[in-house]
Amino acid sequence: MNQLRNNERRRAAITAVAHWVPDDVLDNKYFESYLDTSDEWITTRTGIKERHILRNGAVSDLGVNAARIALERRGWTPDDIQLIICCTVTPDMPFPPTACIIQDKLGASNCWGFDLNAACCGFLYGLETASRFIESGAYDRVLLIGADKMSSIVNYNDRNTCVLFGDAGGAVILEPASGEGGIMDSYLKVDGAGREFLYMKGGGSLNPASHETVDKGWHYIYQDGKAVFKRAVVDMAEASALIMERNGLTSDDVAYLVPHQANLRILEAARERMGLTKDKVMVNIDRYGNTTSATIPMCLSEWWKAGKIRKGDNLVLASFGAGYTWGAIWVKWAY
Ligand code: UT7
């Protein structure tokens with residue numbers, strides 16, 4: 001558990017990255033129009049200005065659209081994929097796995113796949129899982145998707161949560177690293193004692209969907225924001241610093257912190273703990289809000305597209321979310 005990787009073995013590398021968001025945007029003014037909230041409150045407490053919402057369609061559509069762009073960027077057809085891992089907390093349905101729906105919509109006929117639910121740490125846990133499949137030698141071509149349609153589980157009359165979330169899909173392709181870079185080290189944790197502070201209570205085997213669960217609003221996200229915030233600022237910063245220190249990385253060595261986008265103040269705490277300047281933190285929470293499993297691949301995709309990530313760059317990916325789940329992964333960019 002959380003042991004240093006043996007970098008003598010073959011390593012996995014990200015070789016394409018993409019994201020997709022729907023066109024519909026809800027800005028802070030929209031919430032002002034019917035809730036006791038303000039653009040000023042939302043901006044200063046969270047950093048969020050607007051979020052994209054998928055009106056028609058499901059999370060598989062967010063994932064498929066991102067995956068198609070990733071495949072095109074890599075120059076692959078869907079048949080090149082051997083394994084699809086879909087990280088999400090908002091699957092199309094409890095089952096079948098959304099990975100199967102994505103496989104079918106893509107027309108990828110040579111693969112297997114599964115879903116992974118680790119809340120806001122979904123993408124990090126997925127990256128760990130995908131890279132281990134490649135390191136083991138079992139697979140060479142993995143499609144990793146982080147996608148969430150948070151609007152499907154948000155109560156738009158609950159000002160504590162509805163202003164925070166948005167919908168988006170991210171996708172990366174992983175292959176064996178051909179050179180120096182790749183997925184270098186990972187530090188991942190859970191603490192299930194945190195499950196009482198951030199959850200969706202209804203619809204699972206504990207509280208199957210019923211008129212009562214719906215009447216009580218248990219099909220919506222519940223969050224004790226302050227409790228989650230207190231742990232997130234400490235644990236995400238500690239995980240990010242730990243991954244630097246145990247690999248001998250200084251703040252000069254790190255090109256970017258790529259943090260889960262839940263709250264600008266949480267990102268700032270991690271940045272300060274790592275000793276990084278502001279220009280070394282990927283931040284797009286202002287435009288998308290918290291898109292759960294999609295935040296980190298979205299950042300990677302935007303910064304890559306803007307030509308701001310270079311081969312050999314050291315990136316620290318970090319997250320904290322429901323569970324609690326948290327951790328950090330050191331990626332040396334390989335293409
Ligand atoms: O991604 C998964 C992990 N999640 C996180 O990392 C989120 C962690 N938590 C947070 O980001 C912050 O706690 C929030 C943004 C959710 C809330 O910010 P806060 O500074 O912790 O505010 P608070 O929860 O302490 O609430 C302060 C006040 C409360 O009013 P009272 O009780 O003091 O009268 C809230 O009712 O702000 C009120 N409030 C709002 N006011 C206007 C809560 N939401 C809103 C709102 N507009 N949208």
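Every number for a ligand or one of its atoms is a count from 1 in the order of the listing.
- Those atoms of ligand 1 that come under 4.0 Å of a heavy atom in Ala262, given as number and element, are 1 (O), 5 (C), 6 (O).
- For CD of Glu272, the number of neighbouring non-hydrogen atoms (other residues, nucleotides, ligands) closer than 6.0 Å is greater than 12.
- Taking the six-membered ring wherever Trp is involved, the centroid distance between the rings of Phe320 and His260 does not fall below 6.0 Å.
- By the definition of a contact as any protein heavy atom under 4.0 Å away, atom 28 (C) of ligand 1 is not in contact.
- Of the options Thr46, Leu35, Val233, the smallest heavy-atom separation from atom 15 (C) of ligand 1 is shown by Thr46.
- Inspection of the Glu128 and Ser186 side chains reveals an N or O donor paired with an N or O acceptor under 3.5 Å.
- Counting heavy atoms under 4.0 Å from ligand 1, residue Phe229 touches it through both backbone and side chain.
- Ranking protein heavy atoms by distance to atom 39 (N) of ligand 1, first place goes to Trp41 CZ2, 3.4 Å.
- The protein heavy-atom contact nearest to atom 9 (N) of ligand 1 is Gly225 O, 3.0 Å.
- By the definition of a contact as any protein heavy atom under 4.0 Å away, atom 11 (O) of ligand 1 is in contact.
- Judged by distance alone, with hydrogens and angles left aside, the side-chain atoms of His52 form no donor-acceptor pair with the main-chain N or O of Asp167 at under 3.5 Å.
- The residue among Arg159, His260, Lys226 with a heavy atom at the shortest distance from atom 41 (N) of ligand 1 is Arg159.
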Side chain to side chain donor-acceptor pair (under 3.5 Å) between Asn110 and Arg141, intermediate numbers included: CA-CA 11 Å; Asn110 295 319; Arg141 298 183 298 277; over 6 Å; no

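- Ranking the protein heavy atoms by distance from atom 2 (C) of ligand 1 puts Cys120 SG, 3.1 Å first.
- Within a 4.0 Å radius of atom 43 (C) of ligand 1, the protein contributes at least one heavy atom.
- Among Asn263, Thr161, Ile266, Val163, the residue whose heavy atom lies closest to atom 6 (O) of ligand 1 is Ile266.
- Within the 4.0 Å heavy-atom shell around ligand 1 one finds Asp36.
- At a distance under 4.0 Å, no protein heavy atom can be found next to atom 32 (O) of ligand 1.
- The contact set between ligand 1 and Arg45, taken as ligand atoms under 4.0 Å from a residue heavy atom, comprises 19 (P), 20 (O), 22 (O), 27 (C).
- Side-chain atoms of Asn314 and Asp253 form no donor-acceptor pair, as typed in the model, at a separation below 3.5 Å.
- Here is the list of ligand 1 atoms found below 4.0 Å of a heavy atom in Asn290: 1 (O), 2 (C).
- Residue-to-ligand polar distances keep Leu198 apart from ligand 1: every N/O pair is separated by 3.5 Å or more.
- Taking the centre and axis of the six-membered ring of Trp218, the NZ or CZ atom of Lys201 falls inside the cone set by 45° and 6.0 Å.
- Judged by a 6.0 Å distance limit and a 45° cone about the ring axis, Arg68 is not positioned over the six-membered ring of Trp20.
- Atom CG of Asn56 sits in a sparse spot, with 12 or fewer heavy atoms from other residues, nucleotides or ligands closer than 6.0 Å.
- At the shortest separation from atom 4 (N) of ligand 1 among protein heavy atoms lies Gln223 OE1, 3.1 Å.
- Atom 3 (C) of ligand 1 has its closest protein heavy atom at Val228 CG1, 3.7 Å.
- Side-chain atoms of Asn284 and Glu302 form a donor-acceptor pair, as typed in the model, at a separation below 3.5 Å.
- For Trp112 and Phe133, the gap between ring centers is short of 6.0 Å.
- For atom 47 (N) of ligand 1, the protein comes within 4.0 Å by at least one heavy atom.
- Of all the atoms in ligand 1, the ones that sit under 4.0 Å from a non-hydrogen atom of Arg265 are 18 (O), 19 (P), 20 (O).
- For the residue pair Thr291/Asp148, the side-chain donor-acceptor check at 3.5 Å is not satisfied.
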